[in-house]
Amino acid sequence: MSRYQVGYFVGSLSSTSINRRLSEALIKLAPDDLEFREIPIGKLPLYSPDFDSDYPAEARALKDGLAASDAVLFVTPEYNRSIPGALKNAIDWASRPWGQNSFDHMPAAVIGASMGQIGTAVAQQSLRGVLSFCNARQMTAPEAYIHFRPESYTESGEVTDEATAEFLRTFMREFRIHVERVLTVLPRP
């Protein structure tokens, strides 16, 4: 059985991010052959083509993190019916300069949590549009718009509600299958 390196983004920069808690839960519930490494986005400067010939260290680290990954997982909140600016900025850095798109053919999944009833449905649709342009190979089902209830998650990332835990476990199993299928057809360099 193959082991897969999964880079993941937490779209929120908040120190109390519910999406960070969700990411911790997802990692605990994931199949054992997925290894996770967060790709930090908080210290990236704003992207500008002026940097294309000489990326700053934070942007090179982002591109290196993606190059070392077999797949990518996005765990994002919804800000003003879209994705957070920091996450969009990270995607802009990773997809540039022209011809060096780090997401090209990369297996990807999108999930997110909010306190609202519809989770992060609109943000995820926005993110999916951006990832489509970047030629990422997205898992399209199951969709996962998590209505975050604090009592369902411990501080250490355990999920106390069994129905939620099983849904997240299924999502991660499906992600694992998606990664293997994509990489069978389109192996990473």
Side-chain angles (χ1 to χ4, degrees), residues 4-14 17-34 36 38-39 41 66 69-88 90-91 94-95 102-153 157-186:
Y4 298 108
Q5 301 297 317
V6 178
Y8 70 97
F9 291 97
V10 176
S12 172
L13 301 182
S14 171
S17 169
I18 61 175
N19 282 279
R20 179 160 308 286
R21 283 179 62 191
L22 176 60
S23 73
E24 292 163 358
L26 291 167
I27 291 167
K28 288 179 187 289
L29 296 169
D32 291 338
D33 58 347
L34 296 180
F36 294 86
E38 183 174 359
I39 300 173
I41 63 174
L66 285 165
S69 300
D70 298 307
V72 64
L73 176 65
F74 293 87
V75 186
T76 187
E78 182 170 298
Y79 291 176
N80 299 316
R81 297 287 188 245
S82 190
I83 59 176
L87 181 57
K88 177 61 168 71
I91 293 168
S95 64
S102 298
F103 297 115
D104 190 40
H105 296 302
M106 167 115 26
V110 176
I111 189 170
S114 79
M115 297 300 208
Q117 292 285 21
I118 64 168
T120 57
V122 181
Q124 288 187 42
Q125 291 306 95
S126 177
L127 178 54
R128 288 179 188 285
V130 173
L131 294 175
S132 290
F133 180 80
C134 292
N135 207 29
R137 302 302 176 200
Q138 298 177 63
M139 182 174 83
T140 56
E143 294 179 330
Y145 313 120
I146 307 301
H147 174 205
F148 189 85
R149 294 182 312 276
E151 66 275 6
S152 296
Y153 301 83
E158 302 292 332
V159 182
T160 59
D161 176 75
E162 189 47 42
T164 301
E166 186 53 33
F167 177 79
L168 297 175
R169 201 175 288 114
T170 299
F171 180 87
M172 294 307 285
R173 279 194 304 260
E174 289 295 324
F175 178 51
R176 188 329 187 157
I177 291 167
H178 174 72
V179 169
E180 182 173 37
R181 286 179 177 162
V182 171
L183 294 177
T184 297
V185 176
L186 299 166

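FYI, side chains are in, hydrogens and waters are out, and symmetry mates aren't considered; it's all heavy atoms of this structure.
Under the rule for a salt bridge (Lys or Arg N to Asp or Glu O under 4.0 Å), the partners of R173 that lie at least two apart in sequence or sit in another chain are E166. For A121, the side chain to side chain contact (heavy atoms under 4.5 Å, CB included) criterion is met by Y145, not counting sequence neighbours. In this structure E38 satisfies the salt bridge (Lys or Arg N to Asp or Glu O under 4.0 Å) test together with R20, sequence neighbours excluded. For A108, the side chain to side chain contact (heavy atoms under 4.5 Å, CB included) partners at least two apart in sequence or on another chain are V72, F74, A136. For F148, the ring pair (Phe, Tyr, Trp, His ring centres under 6.0 Å) criterion is met by Y153, not counting sequence neighbours.
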Begin with the C-alpha distance, continue with both residues' side-chain angles, and end with the deciding distance and a verdict on side-chain contact (heavy atoms from CB on, under 4.5 Å) for I41 and L13.
-> CA-CA 8 Å; I41 63 174; L13 301 182; 3.9 Å; yes
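Separating the CD1 atom in I111 from the CG atom in L26 is a distance of 4.5 Å, to the nearest 0.5 Å. Between the CE atom of M106 and the CG atom of D70 there is a distance of 8.0 Å, given to the nearest 0.5 Å. To the nearest 0.5 Å, the span separating CE on M172 from OG1 on T170 amounts to 11.5 Å. Between the CZ atom of R169 and the CD atom of E174 there is a distance of 14.0 Å, given to the nearest 0.5 Å.
Applying the 6.0 Å contact sphere to CZ of R149 captures more than 12 heavy atoms from other residues, nucleotides or ligands.
Nearest heavy atoms, T140 versus R128: CA-NH1, 4.4 Å. Nearest heavy atom pair, residue A113 against residue L22, reads CB-CD2, 3.8 Å. Minimum heavy-atom separation, S17 to V10: OG-CG1, 4.1 Å. The two residues F175 and L34 make their nearest non-hydrogen contact at CD2-CD1, 4.3 Å. When every heavy atom of F167 is checked against every heavy atom of E143, the shortest pair comes out as CZ-O, 3.5 Å. Across all their heavy atoms, V159 and A25 have their closest contact at CG2-CB, 3.6 Å.
Side chains of V130 and S95 form no contact here, defined as non-hydrogen atoms less than 4.5 Å apart. You'll find the side chain of S12 reaches within 4.5 Å of the side chain of Y79, heavy atoms only. Under the 4.5 Å side-chain criterion, counting only non-hydrogen atoms from C-beta, M115 is in contact with P150. L168 is listed as a side-chain neighbour of I146, based on a closest heavy-atom distance under 4.5 Å. Residues P84 and P77 have side chains in contact (heavy-atom distance under 4.5 Å, counting atoms from C-beta outward). Taking 4.5 Å as the limit, some side-chain heavy atom of L73 sits within range of a side-chain heavy atom of F171. Taking the side chain as every heavy atom from C-beta outward, F103 and I91 approach each other to under 4.5 Å.
In the model, Q138 has a side-chain atom that pairs as donor or acceptor with a side-chain atom of S132 under 3.5 Å.
Side-chain atoms of T76 never come within 3.5 Å of backbone atoms of V110 as a donor-acceptor pair (strictly under, hydrogens ignored). Proximity of a side-chain donor or acceptor of H178 to a complementary backbone N or O of A141 within less than 3.5 Å is not detected. Remark: the backbone N or O of T160 is not paired with any side-chain donor or acceptor of S152 at under 3.5 angstrom. A donor-acceptor pair is defined here as one N or O able to donate and one able to accept, closer than 3.5 Å; no such pair exists between the side chain of H147 and the backbone of S114.
Sorted by first and then second residue, the pairs that involve residues 73-84 and meet salt bridge (Lys or Arg N to Asp or Glu O under 4.0 Å), not counting sequence neighbours, are E78-R81.
By the 4.0 Å N-to-carboxylate-O rule, E24 lies too far from K28 to be salt-bridged with it.
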